[in-house]
Each structure stands twice: as structure tokens, then as C-alpha cells.
**Student:** 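Below: one structure in C-alpha cells.
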Amino acid sequence: MSESPDHPQIAAPPSLTDLGEPLVRVEMRSQPRLLAGTRELVGAIAKRLGFSELEAGQIGLALDEALANVIRHGYKGRDDGLIMVSLWVSEGDGSTVGAGLHLCVEDQCPQVDPSKIRSRELSEVRPGGLGVHLIQEIMDASVFEKREQSGMRLRMSKFIPHNAGTMTGSVRHAG
Amino acid sequence: MSESPDHPQIAAPPSLTDLGEPLVRVEMRSQPRLLAGTRELVGAIAKRLGFSELEAGQIGLALDEALANVIRHGYKGRDDGLIMVSLWVSEGDGSTVGAGLHLCVEDQCPQVDPSKIRSRELSEVRPGGLGVHLIQEIMDASVFEKREQSGMRLRMSKFIPHNAGTMTGSVRHAG
Amino acid sequence: MQVDITSNDANTTVAPTGDVDLSVSRDLQSALKKVMDDKPERVIVDLSGVPYMDSSGVATLVEAMQISRKQATRLVLCGMQEKVRSIFEIARLDKVFTIVDDPATADSA
Amino acid sequence: MQVDITSNDANTTVAPTGDVDLSVSRDLQSALKKVMDDKPERVIVDLSGVPYMDSSGVATLVEAMQISRKQATRLVLCGMQEKVRSIFEIARLDKVFTIVDDPATADSA
Ligand SMILES: Nc1ncnc2c1ncn2[C@@H]1O[C@H](COP(=O)(O)OP(=O)(O)O)[C@@H](O)[C@H]1O
Ligand SMILES: Nc1ncnc2c1ncn2[C@@H]1O[C@H](COP(=O)(O)OP(=O)(O)O)[C@@H](O)[C@H]1O
């Protein structure tokens with residue numbers, strides 16, 4: 001998958017069984033006008049988790065690319081397809097899963113060979129062919145797979161570096 | 001419901017039957033940290049629909065107030081309750097429903113008498129007691145009701161004044 | 001959300017940054033209560049860093065106002081962004097609070 | 001998203017405002033194609049009003065670059081916000097495009 005040496009994908013995303021019930025689930029029609037809402041939902045939650053403004057925006061971008069691919073390649077531009085996005089937050093407290101944000105994108109499209117889902121080589125500059133690469137560079141772990149019944153699934157995770165932040169506020173005194 | 005004369009609630013929100021399948025459905029746990037994501041999702045979609053930045057923010061606020069009330073009054077602060085938010089967009093093209101954004105918030109809480117869901121009088125200034133008032137002032141139509149099986153439902157709509165905007169871009173030439 | 005507190009002479013400025021909603025309003029509440037405990041002459045709440053506030057945030061400010069009146073502390077809100085101002089207007093609280101535009105003039109309001 | 005187009009002498013500036021994602025990238029694409037049709041000496045894409053861009057937006061810029069090279073139009077990107085710059089860096093396109101910080105210096109880049 002042409003991973004760059006400085007961004008090795010060390011970990012696999014946790015299994016759906018390990019993750020349990022999602023915190024948030026979004027079911028959306030396969031329409032480009034809905035991309036902004038869904039990526040902003042995930043970006044806002046990422047920020048609350050302690051990811052930086054830039055990282056939260058990038059996580060939103062990774063999701064946007066995944067959804068856009070389902071709309072373009074999976075549903076071929078049909079606007080009444082269903083896309084399911086699930087989101088989990090792991091606190092990393094003693095469980096097998098480190099602290100992080102986990103996303104799962106599922107569709108009801110014809111299944112394809114997951115190994116065919118890959119971007120162009122970065123050196124072969126042409127319009128397009130970047131989405132999967134962006135997903136892989138931004139997220140710490142990602143995997144495309146066939147769903148049990150029908151459709152495709154993308155699972156992806158981004159872990160929180162050290163104790164990056166808190167879910168609540170902080171008070172600073174001066175003067 | 002102490003409606004102000006300058007914001008009469010002329011219309012009722014369209015029925016769920018008239019609205020049909022939602023464009024987007026969000027299922028979230030009853031956790032305050034998820035409010036930002038959900039209101040930003042709805043705000044982003046409202047902006048794409050042609051609502052102004054301020055109006056889109058206010059629609060997000062109305063949803064935030066509705067969700068916060070479910071968390072505080074319905075689930076009494078429990079963080080594992082389920083809240084379902086559905087969103088529809090009506091184009092207002094010949095259908096019985098005018099162009100607008102429609103939201104439905106559903107929970108699985110003990111049912112209460114919908115007529116008891118009301119804010120304090122604005123003149124009796126005290127902390128709290130504003131959420132329902134904000135929802136009623138911001139939205140053009142809103143109704144609390146008991147769900148068929150269990151739990152409560154809030155349906156609310158905001159209509160688009162004249163041809164406020166487009167769902168796509170626009171190009172302006174000068175010079 | 002983060003809350004910065006600065007004091008000079010008789011004035012204490014409380015400056016939250018970030019969205020103030022149900023998930024963080026309790027932090028603003030305790031910061032305001034703590035500041036009021038010192039009974040300063042004037043408490044200035046600088047809202048210029050707050051792009052969004054819901055009714056739980058408004059409630060903490062109403063509570064602070066009630067405390068301030070009991071102890072003759074002057075409470076001034078300043079720097080409100082348009083979206084935040086609109087909630088005060090809808091709730092008819094824009095005439096109940098002392099609200100000034102510019103943090104620089106809040107010292108004398 | 002809105003696209004503003006202004007021309008002076010040999011330069012044409014294309015300034016989109018708003019998020020550029022799959023829902024609007026086609027509008028940016030046709031604006032760029034139209035501008036390229038006139039074969040100006042230099043096309044400046046001012047991205048200072050673009051807080052967010054996805055790969056469909058990047059694709060329209062790569063396409064414009066390919067057209068520009070065929071007809072000896074100079075294509076310059078300017079005013080990129082940090083979030084937008086990061087996608088160019090991840091895609092290793094930050095060295096392929098001519099990118100300047102300041103719209104004022106794009107005229108001579
Ligand atoms: N959700 C998907 N379903 C089916 N095929 C996909 C999906 N996502 C990506 N692909 C395949 O992987 C290729 C690379 O995707 P990407 O890197 O996003 O570039 P692009 O979509 O511009 O071609 C696509 O061309 C397509 O063949
Ligand atoms: N989702 C809900 N479920 C049950 N009761 C509710 C709900 N929303 C509002 N209420 C009732 O309506 C009252 C007014 O709500 P609101 O105007 O938001 O003010 P507050 O929540 O601060 O009391 C609440 O005190 C509560 O009794």
C-alpha cells in the first residue's frame with residue numbers, strides 16, 4: 001500500500017467486538033451535500049477528545065474521503081444509497097485498546113476486492129487518486145473489508161498521543 | 001406556551017408520514033460531550049441549504065437545547081441512554097411541505113405530559129428555564145409528543161424564507 | 001473550554017475560551033463562584049473568545065448576576081459575538097445584564 | 001462555495017470562498033477551465049477564503065496545472081490556510097505547485 005516509512009501503520013484498528021456499542025451512529029444518504037455535516041460532527045468530537053484543531057480537521061478529512069469514495073465508486077453517484085458511520089472513543093484505561101477515536105464506514109454497495117482499493121503512486125501526478133492515501137496517512141490504522149452480508153466496510157483509528165487533553169474545561173489564574 | 005406575538009407559530013411541523021425516510025439519522029448516547037458534534041452536523045447542513053450563518057447556528061442551538069433536556073430531564077444524567085435525531089430537507093417544489101429543514105428528536109425515557117414541557121416566564125429571571133423557549137422562538141414550528149411505544153418525541157421545522165440560497169456554488173465575475 | 005482569570009485593583013476579568021455548552025458550563029460556574037467569593041468591586045466576563053453558548057452557559061451567568069447583586073459586586077459582560085448575543089436577546093436578558101461591546105470600556109461600565 | 005474571478009493585465013485571480021469538497025468541486029473546476037480558455041499569462045488561485053479542501057478540490061487544481069503547462073500559463077496558488085496546506089503536503093503536491101504565502105507577491109511568482 002506504499003506506506004511511507006515515517007508513518008508506519010503499526011496497529012490494526014480494534015475489532016468491532018472489542019469496541020462494543022458505538023457512542024454515535026450516523027446513517028446518511030449518499031449525497032455530497034451531506035459530507036460537511038458528517039465530517040464536522042466527527043471533527044467536533046475529536047477536538048473534545050484532545051486532538052488539536054489541525055488533527056481534528058484531518059480526521060474529518062479522512063472520513064470525508066471515505067464517504068466520497070462510497071458515493072462515487074460504491075453507489076456510482078446514486079443519491080439514495082445508505083451509508084452508516086459509527087464512532088467509538090476508547091479511554092485507554094487498562095483495556096486492550098489504547099486511547100483514541102475509532103470510525104467505521106459501512107455501505108450496501110456491490111463488494112469489491114479490498115486489495116484493489118488503493119491510491120495512485122504519489123509520483124504519478126494526475127487529478128484524483130489520493131483519497132485512500134490521505135486516509136492511510138492521517139489515520140494510525142485502517143482496513144477495508146467485505147461486510148458479512150453485503151457491502152463494504154472501512155475501519156480506521158487514530159490514537160491520542162500521550163495525555164493530550166481532557167474532556168472538560170480547565171481554569172488558569174494569573175495576576 | 002407564552003408565544004410572543006412577533007413570532008407566531010403558524011404552521012405545525014409536517015407529519016413523519018409526509019416526510020418519509022430521513023436524509024440523515026444520528027443515534028447518540030446521552031452524553032453532553034456529544035452535543036457539539038450533533039449541533040455542528042445540523043448547522044453545517046442548514047448552511048448548505050441556504051440558511052445564514054446566524055440562522056444555522058440558531059438551529060444548532062435549538063437542537064442542542066432539545067438534546068440537553070433529554071439528557072438532564074429524560075435520562076436524569078445517565079450517560080448510556082439512546083437519543084435519535086432525524087433530519088429531513090424539503091425542497092418545497094409542489095409538495096405539501098414548504099422548503100425547509102425538519103428535525104425530530106426521540107428518546108426512550110419515561111413519558112411525561114407534553115403540556116408540562118415549557119419554560120419559565122421570561123420576566124421571572126432565574127438561572128435555567130430557557131431551553132424550550134429558545135426552541136420555540138428559533139424554530140417556525142415545534143411539537144412535543146409521546147412516542148407510540150415508549151419515550152418522547154420533539155418534531156421541529158424551520159422554513160427557508162424565499163429563495164435564500166442554492167445547494168451548490170456560484171461564480172461571480174469582475175474586472 | 002478554558003477559563004482565564006486575571007485581577008487588577010478592584011477588577012477581576014473572567015475570560016472563557018471555546019464553546020460553552022452543557023458539557024463545560026459547570027467549569028464556568030465554579031470559576032465564577034470562586035471569583036465572586038473574593039467580593040471584588042467589578043467582575044468582567046470577557047466573552048470575545050466564546051463562539052457558542054447554550055442556555056446552560058446563560059444560566060451560570062444569571063446565577064453570577066444574582067450573587068453579584070447580593071454583595072454589591074458590579075457584573076459586566078463584554079465582547080459578545082453575534083451568535084451569543086442572539087441568545088441573550090431571545091431570552092430578553094440583553095436588558096437585564098450590563099453588556100458592553102469593547103473589553104477596554106468594561107472597566108468603567 | 002462562491003468563486004470570484006478578477007482580471008488585470010496579464011493576471012487572472014480565481015478566489016473561491018468556503019469549503020471545497022465533492023459537493024462543489026465541479027463548480028471550481030468549470031471556473032478554472034473557463035479562465036484557462038482565455039490563456040492568460042498567469043492564473044492566481046487565492047485560497048485564503050478556503051478553510052477546508054478535500055481531494056476532489058485538489059484534483060481540480062492538478063487538472064488546472066496540467067492545462068496551464070500545455071499552454072504556458074503560469075499557475076500560482078496563494079493564501080493557503082494551514083489545514084489546506086496539510087493535504088498538499090500529505091499528497092506531496094507542495095513541491096509540484098508554485099505556492100506562495102501572500103496574495104500580494106503572487107503577481108511576480
Ligand atoms: N468505497 C469504495 N468502494 C469501491 N472502490 C473504492 C472505494 N474507495 C476506493 N475505491 C477504489 O480505490 C481507488 C483509489 O481511490 P482514491 O485513492 O480515493 O482515488 P480516486 O477515488 O480519486 O480514484 C478508486 O479509484 C477505486 O477504484
Ligand atoms: N425532554 C424532556 N423530557 C422531560 N421533560 C422535559 C424535557 N424538556 C423539558 N422538560 C421540562 O420542561 C421544563 C422546561 O425546560 P427548559 O425550558 O429547557 O428549562 P430547564 O431545562 O432549564 O428547566 C423542564 O424543567 C422540564 O420539566
Side-chain angles (χ1 to χ4, degrees), chain A residues 2-4 6-7 28-40 42-43 46-47 51-73 75 77 79 83 119-139, chain D residues 1-2 14 16-33 35-36 43 45 47 49-70 75 77 80-99:
Chain A
S2 80
E3 280 156 21
S4 58
D6 49 328
H7 284 87
M28 59 178 271
R29 300 282 149 184
S30 51
Q31 302 183 3
R33 64 176 175 172
L34 301 176
L35 291 173
T38 309
R39 70 175 175 258
E40 291 191 16
V42 169
K47 244 186 288 176
F51 286 105
S52 70
E53 179 85 28
L54 179 65
E55 285 168 326
Q58 290 184 330
I59 294 170
L61 173 62
L63 177 63
D64 176 307
E65 297 293 339
L67 296 172
N69 276 348
V70 172
I71 294 173
R72 290 188 308 130
H73 302 299
Y75 287 114
D79 72 355
I83 312 179
S119 288
R120 62 169 169 82
E121 292 299 316
L122 291 186
S123 52
E124 296 163 11
V125 176
R126 61 166 174 80
L130 291 174
V132 173
H133 179 75
L134 288 166
I135 292 168
Q136 290 169 340
E137 285 291 306
I138 290 167
M139 303 305 282
Chain D
M1 188 197 63
Q2 183 184 297
V14 178
T17 322
D19 288 3
V20 181
D21 68 9
L22 185 61
S23 66
V24 295
S25 54
R26 203 163 293 185
D27 297 306
L28 179 60
Q29 184 187 38
S30 48
L32 284 168
K33 276 198 171 150
V35 162
M36 286 292 175
V43 170
V45 183
L47 295 172
V50 176
Y52 178 86
M53 184 179 283
D54 72 8
S55 74
S56 74
V58 174
T60 65
L61 294 173
V62 172
E63 194 187 359
M65 182 181 60
Q66 293 181 331
I67 297 173
S68 76
R69 284 183 179 170
K70 280 193 202 120
L75 180 71
L77 310 185
M80 260 187 212
Q81 298 186 26
E82 189 195 9
K83 253 193 255 183
V84 173
R85 181 178 286 271
S86 90
I87 177 171
F88 279 82
E89 286 167 1
I90 297 172
R92 311 252 171 86
L93 289 168
D94 52 330
K95 300 281 172 273
V96 177
F97 282 95
T98 304
I99 302 177

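Order of the sequence lines fixes the chain letters, A, B, ..., with proteins taken first and strands second; residue numbering starts at 1 for each chain.
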**Student:** If I measure from the heavy atoms of chain A, does D/M65 come under 4.5 Å with its side chain, its backbone, both, or neither?
**Tutor:**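 Side chain of D/M65 only, per the 4.5 Å heavy-atom cut-off to chain A.
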
**Student:** Taking all atoms of both residues into account, what is the closest heavy-atom pair of A/I135 and A/A62, and its distance?
**Tutor:**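 Of all heavy-atom pairs spanning A/I135 and A/A62, the closest is CG1-O, 3.5 Å.
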
**Student:** Should we count CZ of D/R26 as having more than 12 external heavy atoms under 6.0 Å?
**Tutor:**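 No.
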
**Student:** Check whether any side-chain heavy atom of A/L67 sits under 4.5 Å from a side-chain heavy atom of A/L34, and report yes or no.
**Tutor:**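 No, side chains not in contact.
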
**Student:** Would you check, one step at a time, whether the test side chain to side chain contact (heavy atoms under 4.5 Å, CB included) holds for A/R120 with A/H133?
**Tutor:** CA-CA 8 Å; A/R120 62 169 169 82; A/H133 179 75; over 6 Å; no

**Student:** Just how far is it from atom CD of D/E89 to atom CE of D/M80, taken to the nearest 0.5 Å?
**Tutor:**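 It comes to 9.0 Å.
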
**Student:** Where on A/Q31 is there a heavy atom nearer than 4.5 Å to chain D: the side chain, the backbone, both, or neither?
**Tutor:**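 For A/Q31, neither part sits under 4.5 Å from chain D.
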
**Student:** Taking D/P51, D/S56, D/A64, D/S86 one by one, which has the highest count of heavy-atom pairs under 4.5 Å against chain A?
**Tutor:**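 Between D/P51, D/S56, D/A64, D/S86, the count favours D/S86.
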
**Student:** Heavy-atom distance under 4.5 Å to chain A: side chain of D/D54, backbone, both or neither?
**Tutor:**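 Both parts, heavy atoms under 4.5 Å.
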
**Student:** Name the option with the most non-hydrogen atom pairs under 4.5 Å to chain D; the candidates are A/P127, A/P32, A/G129.
**Tutor:**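 Result: the option with the highest number of such pairs is A/P127.
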
**Student:** Given heavy-atom pairs under 4.5 angstrom as the criterion, report whether the side chain, backbone, both or neither of D/L93 touches chain A.
**Tutor:**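 Contact with chain A is through the side chain of D/L93 alone.
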
**Student:** For D/S23, is there any backbone N or O sitting under 3.5 Å from a side-chain donor or acceptor partner on A/R33?
**Tutor:**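 No, A/R33 side chain to D/S23 backbone: no donor-acceptor pair under 3.5 Å.
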
**Student:** Is it the backbone or the side chain of D/E82 that comes under 4.5 Å from a heavy atom of chain A, or both, or neither?
**Tutor:**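 Both parts, backbone and side chain.
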
**Student:** Applying the side chain to side chain contact (heavy atoms under 4.5 Å, CB included) criterion to D/V45, which one of D/I99, D/L32, D/V50 satisfies it?
**Tutor:**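 The option that passes is D/L32.
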
**Student:** Can you name the closest pair of heavy atoms from D/S68 and D/M36 and give their distance?
**Tutor:**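 Closest pair (atom of D/S68, atom of D/M36, distance): CB-CE, 3.7 Å.
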
**Student:** Under a 4.5 Å cutoff for heavy-atom pairs, which residue among D/T60, D/L61, D/I87 has the most contacts with chain A?
**Tutor:**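 Result: the option with the highest number of such pairs is D/I87.
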
**Student:** Under a 4.5 Å heavy-atom cutoff, which of A/L35, A/L130, A/D64 has the most pairs with chain D?
**Tutor:**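 So the answer, after comparing A/L35, A/L130, A/D64, is A/D64.
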
**Student:** Heavy-atom cut-off 4.5 Å, strictly under: side chain, backbone, both or neither for A/E55 against chain D?
**Tutor:**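 Neither; nothing under 4.5 Å.
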
**Student:** Given heavy-atom pairs under 4.5 angstrom as the criterion, report whether the side chain, backbone, both or neither of A/R126 touches chain D.
**Tutor:**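 Both backbone and side chain.
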
